[in-house]
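Reviewing the structure listed below.
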Amino acid sequence: MAEKITAYRFDRLDQTLSQLNKENCSIIAGGTDVMVLHKSRRGVPPKIPNPVIFIDHLSELKRVYQNQKDLHIGACCTYSELLEDPLIPLPLKNAIKTIAAPAIRNRGTLGGNICNASPAGDTLPLLYVYNAKLLLRSVNGDRVVAISDFIQGVRRVGRQHNEILVEIILPSVLEEGSHVVFEKVGNRNADAIAKVGFAGLIRVNDSRVEDVRFAFGAVGPTMVRSVDIEKKLLGKPIPLADSDVAEVVAAFDKIIRPIDDQRSTAIYRKKVALNLLRYFLSSKQYQPN
Amino acid sequence: MIKFTLNGRLVETDAPPTARLLDLIRDEFTLIGTKEGCGEGECGACSVFVNNHLQNSCLIPIGSIDGTDVITIEGIMESEQFKILDESYSSAGGVQCGYCIPGMVMASAALLSKNPHPSEAEIREGISGNLCRCTGYNMIVDAINLAAKKGDGLWQKK
Amino acid sequence: MNLKDISTSVPKKDHSGKVSGQLAYISDVKVENMVYGVLVRSPIAYGKIKSIQLPNFPEGYEAVGAEQIPGPNVVKIIQEDQPIFANEWVNYIGEPILMLVGKELDILYRLLNEVKIEFDELQAIYTLDDAIQQKSAPGVTMASYEFGENLDVISTIEQGAHKIIEEEYSTGYQEHVYLEPQGMLGIYKDDEIVVQGSMQCLYYIKNALISALACGDDEVRVVQSPTGGGFGGKEEFPSMMACHVAVAANAVKKSVMLVFDRSEDMVVTTKRHPAKIKYRTAIDEEGNILSMCVDVFLDGGANAGLSSVVLQRALLNSAGVYKIPHFHAKGYVLKTNTVPNGAFRGFGAPQSFAGIESHIGHISKLSKLDPLDYKRKYLVKQGDPTITKGQFRDPILMEDMIEDLLNASDFKSKKGEFQRFNQQNLRYKKGIGTSLFLHGCGFTGSGERDHIKATVKLVKSRDDKVLLKISNSDMGQGIYTTLSKIVAQALDLPFDRVLYPDPDTKEVPDSGPTVASRTTMIVGKLLERAAKKLKAQWQPGVEQEVVENYVHREMIPWDEKTFTGDAYPAYSWGVNIVEVEVDTLTGNVKLEKVYANYEVGKVIDDRIMKGQIDGGLAQGLAYGYLEKMTSKEGRIQQKSISDYGPPTSMDVVSIESKVFDNPYADGPYGAKGAGELTLIGGAPAVQAAIEDALQTSFQQIPITPEVIIESL
Ligand SMILES: Cc1cc2nc3c(=O)[nH]c(=O)nc-3n(C[C@H](O)[C@H](O)[C@H](O)COP(=O)(O)OP(=O)(O)OC[C@H]3O[C@@H](n4cnc5c(N)ncnc54)[C@H](O)[C@@H]3O)c2cc1C
Ligand code: FES
Ligand code: FES
């Protein structure tokens with residue numbers, strides 16, 4: 001017979017944290033990644049290592065609020081909840097709409113997308129571009145890390161066993177003035193895992209680039225972002241000169257190293273990533289007419 | 001012991017907390033209307049409502065639904081809304097092999113109760129997690145459209 | 001039932017149980033004393049089994065393999081090359097070696113991991129290209145045919161030609177993704193084994209079981225469960241599963257259930273044959289075709305299965321709907337150490353039509369002629385010979401259908417509109433494309449007369465209800481409704497007094513398999529005749545029975561050796577127009593509009609026909625640009641639905657379709673076949689539209705974004 005499985009579902013976050021402090025557990029939020037990753041064959045429960053601890057019902061993890069210009073998003077907000085929340089920026093909503101399909105969006109959480117750390121996680125390119133910070137909590141207190149430091153590799157994150165991701169903080173996101181795009185390239189129009197993801201942000205002041213950021217998904221073990229390359233464009237006049245665009249594209253050409261897999265090819269991924277970058281940089285939308 | 005309501009009835013089970021809701025519904029409660037087409041969230045044949053939200057029961061560990069309200073196709077079969085959907089699927093010709101259909105009907109009901117007057121694009125999005133290999137979807141889209149019209153005023157009633 | 005027009009839709013017979021989900025598919029069934037079966041499969045592509053080491057089985061668990069098969073170890077189909085349980089050689093990854101049976105799946109899965117098999121692994125053939133290279137090595141060519149114009153004649157023509165155009169076209173796998181995975185239950189009884197499950201062909205299975213169990217006709221019985229989609233995927237494949245559960249049930253004296261996981265289903269079941277088609281066409285200075293040679297290579301996978309018959313249909317359609325002067329074709333089914341390929345809606349024709357529509361389109365463009373005008377010039381007409389020296393006997397409405405569709409789609413002005421759009425838009429490009437196609441209805445050649453010999457039976461009960469006793473499966477295509485309707489109409493009996501119980505070989509004669517777009521035309525006609533006979537002898541309140549047997553209409557006799565004669569009794573026809581928008585940054589293709597005209601003799605039910613159109617076309621379009629399956633060193637790479645990518649509701653658009661009447665004398669109420677036809681035109685039309693958008697040519701399907709980006 002099946003061996004005994006321990007599972008916890010506490011009413012409060014503090015109880016959850018103290019259990020996590022005692023014992024290494026598998027955290028389940030919406031479970032849409034966990035249940036697939038540890039899936040058994042038909043008719044048998046998944047084989048999840050460690051005791052499991054359910055967190056998606058914890059109200060402490062489901063709040064969305066504004067703190068000055070920063071936006072705080074509870075880790076266990078489901079995609080559907082975020083789509084209905086007026087505080088969530090439109091580009092993030094657009095990215096969320098490309099994720100899976102309604103039933104998955106009713107369960108999958110933003111925190112899960114981050115902690116799952118898949119190269120194809122669809123919210124990740126935007127979160128990188130927003131310079132998202134993550135609030136992690138344990139019995140020992142809180143700490144805040146940049147998302148780019150937290151995600152370390154394919155399904156590898158810098159989380160201590162006793163920590164829970166509590167909030168995702170998008171600094172200054174509620175400030176006006178930036179032009180942000182997200183593009184997902186999948187094999188079909190719903191229920192598709194990204195072959196390439198791209199997020200770009202640009203803020204123009206006085207016809208010059210004041211801030212610019214890009215992140216690429218599904219073209220490497222983690223999101224590809226380079227502050228050094230972004231810096232090359234600061235202060236450049238808009239519209240950008242062809243040579244400026246070419247320089248940035250060439251720089252990314254050097255650092256994007258995708259792979260072949262069952263979904264696409266390395267050549268395709270790279271070419272499309274650079275196409276989307278080039279298009280973004282030459283796009284008319286943010287430029288003075 | 002996990003307790004929840006299933007189609008309005010309080011039930012309990014001592015199945016392991018990581019067991020899939022899908023298996024529990026089908027094996028322990030012998031409700032066969034919830035089908036398995038993929039077991040990994042990609043087909044929608046296993047769609048149910050948890051607290052009135054459309055979800056894939058193949059991805060739900062039962063430990064996470066303690067205290068919730070679960071409804072399967074059997075739980076809506078007697079409703080006015082179901083009758084409308086039933087008639088609409090019939091007159092629009094939305095049913096072929098039928099394997100996707102209970103899940104489709106659940107997705108249709110979920111969509112209409114949130115959005116009683118959906119556009120074609122909204123209907124397509126509403127059923128986008130429900131794979132149908134027989135119909136090419138168009139006659140299902142027609143059925144939902146028809147149900148929206150025929151059941152006007154009914155969808156947001158409890 | 002007294003419909004003025006038989007096409008008027010009626011409610012589907014099996015609607016209620018399907019909407020409510022209360023109709024029990026095989027995985028919903030539980031019987032007493034039932035255990036599960038799981039299959040130990042080959043992890044290697046080609047080799048010899050050296051040893052098998054079984055784990056210690058807990059009580060109630062055992063292994064079943066070749067030794068437990070009472071009859072010969074072969075799944076009886078056409079050629080005897082697929083063992084039920086491989087016990088010496090394995091020829092593909094996933095080939096079944098043993099079945100483990102027992103009560104708990106959990107324990108079975110654990111035991112599965114503990115079975116240790118040692119192999120002598122040998123050099124496998126993984127790709128069609130490799131197989132073409134090694135085509136003359138022993139065992140590689142599993143079937144081949146050649147026919148048409150004398151090659152010396154063609155060579156003389158080629159010498160005098162203005163130009164010889166050579167093209168090599170390739171098509172990929174297509175996976176059925178019926179929504180209900182394969183499932184089969186072997187029920188053990190003292191005096192018989194009953195096999196019940198998801199299937200298209202009851203008597204294929206029954207014959208395979210009689211052979212495997214080496215038993216009498218009355219010791220096995222096959223019952224069809226409601227079948228959640230087939231598309232050919234449940235044509236020959238279920239015979240193997242039926243042998244597995246029957247042999248196991250017989251061995252362990254319990255009922256054995258075998259249901260596949262989706263990923264298992266995607267990896268080990270048959271698929272549409274990948275093909276390579278070579279064209280060599282001579283043209284004169286005006287671009288007229290002088291001669292054409294076509295070589296078709298099908299990747300059969302590891303066993304022959306139905307591949308030879310698939311190749312026949314591929315060859316018979318190799319000239320498309322065209323009358324090509326001096327046409328020659330040959331074809332091969334080649335063996336690779338990959339999952340066996342088999343029946344899939346269209347059965348070899350989709351590959352051929354994708355190829356020929358593409359090739360003719362390319363020739364016209366080379367000669368700077370409009371593709372559609374060019375194609376119309378070569379369109380076959382009534383009375384024309386077929387490429388096998390048969391004849392197109394019945395009226396052909398293609399010209400009207402084309403004209404009508406050009407108007408419906410506003411084709412001419414779209415062309416101009418798209419050109420302007422494409423000049424202005426740097427990122428997105430729009431295109432429009434057409435396809436012309438036909439489908440030969442029923443079995444190829446003399447199949448109906450020599451192999452199938454269909455029989456149907458109508459039984460009238462004392463309360464004056466009439467039951468259809470036939471072996472054909474409703475797998476969603478709606479024959480419970482259409483065939484009942486034919487009978488009700490012929491008997492002038494209310495629709496609900498005509499019943500069509502789930503077929504059971506104990507109750508029904510062999511009316512043939514549910515394949516080849518034969519059911520409505522052939523079985524329907526037999527039923528119509530039976531019903532008329534019954535009507536003539538109708539006695540109220542009395543039990544009555546009538547039987548009808550297939551009668552062959554003699555035409556030009558089909559000779560499989562010379563590949564000449566009438567390959568089909570009748571043809572159904574179609575025209576598709578498709579509009580797409582291509583994103584040149586990502587290569588993604590968006591369907592914008594789809595128009596379709598068909599001619600299927602006479603529609604038996606409008607709504608069901610529309611269901612066939614929409615569903616078939618969705619599959620056909622996706623075959624051209626969306627669905628992608630690959631194999632790497634014998635291993636299927638796409639193991640999940642989303643990695644493979646069949647269309648979702650957001651990928652399909654509404655389809656404007658019309659069906660033309662052209663009653664066929666030997667079909668019930670004039671009906672011909674319709675089920676496969678609707679798939680065939682999708683891929684070539686989508687290819688033409690993408691080519692139009694990008695002003696380029698492709699030599700393959702699917703035209704995925706990867707292919708498009710590489711071409712830009
Ligand atoms: C059919 C299907 C389609 C999908 N399509 C997409 C898609 O289009 N795009 C996309 O990006 N993703 C997709 N996904 C993946 C998945 O739905 C998302 O990644 C989702 O955001 C995961 O959230 P979850 O709450 O379900 O995560 P879970 O499965 O519960 O958790 C994922 C991981 O994060 C950890 N974790 C979760 N929350 C926390 C927390 N608060 N603190 C610490 N650790 C935590 C878990 O331990 C686990 O390791 C798809 C999944 C399925 C099944
Ligand atoms: S079985 Fe749950 S989504 Fe397919
Ligand atoms: S009706 Fe067959 S899958 Fe939808």
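Quick caveat, the model's predicted, so the values are computed rather than measured. Chain naming here is simple, since letters A, B, ... match the order of the sequence lines and numbering starts at 1 in each.
A cation-pi contact, defined as under 6.0 Å to the ring centre and within 45° of the axis, is absent between A/R188 and C/Y625.
At a heavy-atom separation below 4.5 angstrom, chain A is approached by C/P705, C/E706, C/I709, C/L712 within residues 703-712 of chain C. Within residues 171-182 of chain C, the residues that have a heavy atom under 4.5 Å from a heavy atom of chain A are C/P181, listed by number.
Aromatic ring centres of A/F182 and A/F198: separated by at least 6.0 Å. Taking the ring centroids of A/F252 and A/F216, they lie under the 6.0 Å cut-off. Taking the six-membered ring for Trp and the full ring otherwise, A/F214 and A/Y128 have centroids separated by 6.0 Å or more.
The salt bridge (charged side-chain N to carboxylate O under 4.0 Å, His left out) analysis of residues 629-654 of chain C, with sequence neighbours excluded, yields the pairs A/R263-C/D643.
Within the model, atoms CZ of C/F57 and CD of C/E114 stand 9.0 Å from one another, a figure rounded to the nearest 0.5 Å. Distance CD1/A/I193 to OG/A/S118: 7.0 Å, rounded to 0.5 Å. C/M257 CE to C/L185 CG: the interatomic distance, rounded to the nearest 0.5 Å, is 4.5 Å. Taking OG1 from A/T123 and NZ from A/K184, the interatomic distance works out to 10.5 Å, rounded to the nearest 0.5 Å.
Only the side chain of A/K39 has a heavy atom closer than 4.5 Å to any heavy atom of chain C. Within the 4.5 angstrom heavy-atom criterion, only backbone atoms of C/Y644 (N, CA, C, O) approach chain A. In this structure, no portion of C/R110 lies under 4.5 Å from any heavy atom of chain A. C/E627 does not touch chain A: none of its heavy atoms, backbone or side chain, sits under 4.5 Å away. Neither the backbone nor the side chain of C/T630 comes within less than 4.5 Å of any heavy atom in chain A.
Within a 6.0 Å radius of CG in A/N50, other residues, nucleotides and ligands contribute more than 12 heavy atoms.
For C/S27, there are no side-chain hydrogen bond (donor to acceptor under 3.5 Å, both in side chains) partners at least two apart in sequence or on another chain.
Heavy-atom pairs under 4.5 Å with chain A were tallied for C/L585, C/N588, C/L626; the largest tally goes to C/L585. Note: C/P646 leads C/A622, C/P646, C/S640 in heavy-atom pairs under 4.5 Å with chain A. Interface remark: of the candidates A/G43, A/A192, A/A273, A/S264, A/S264 forms the most heavy-atom pairs closer than 4.5 Å to chain C. Your options are C/I641, C/V259, C/T584, and the one with the most heavy-atom pairs under 4.5 Å with chain A is C/V259.
Side-chain atoms of C/S255 and C/N33 form no donor-acceptor pair, as typed in the model, at a separation below 3.5 Å. C/T648 and A/D191 form no side-chain donor-acceptor contact under 3.5 Å, judged by distance and modelled atom types alone.
Using modelled atom types, one side-chain atom of A/S40 and one backbone atom of A/P45 make a donor-acceptor pair closer than 3.5 Å.
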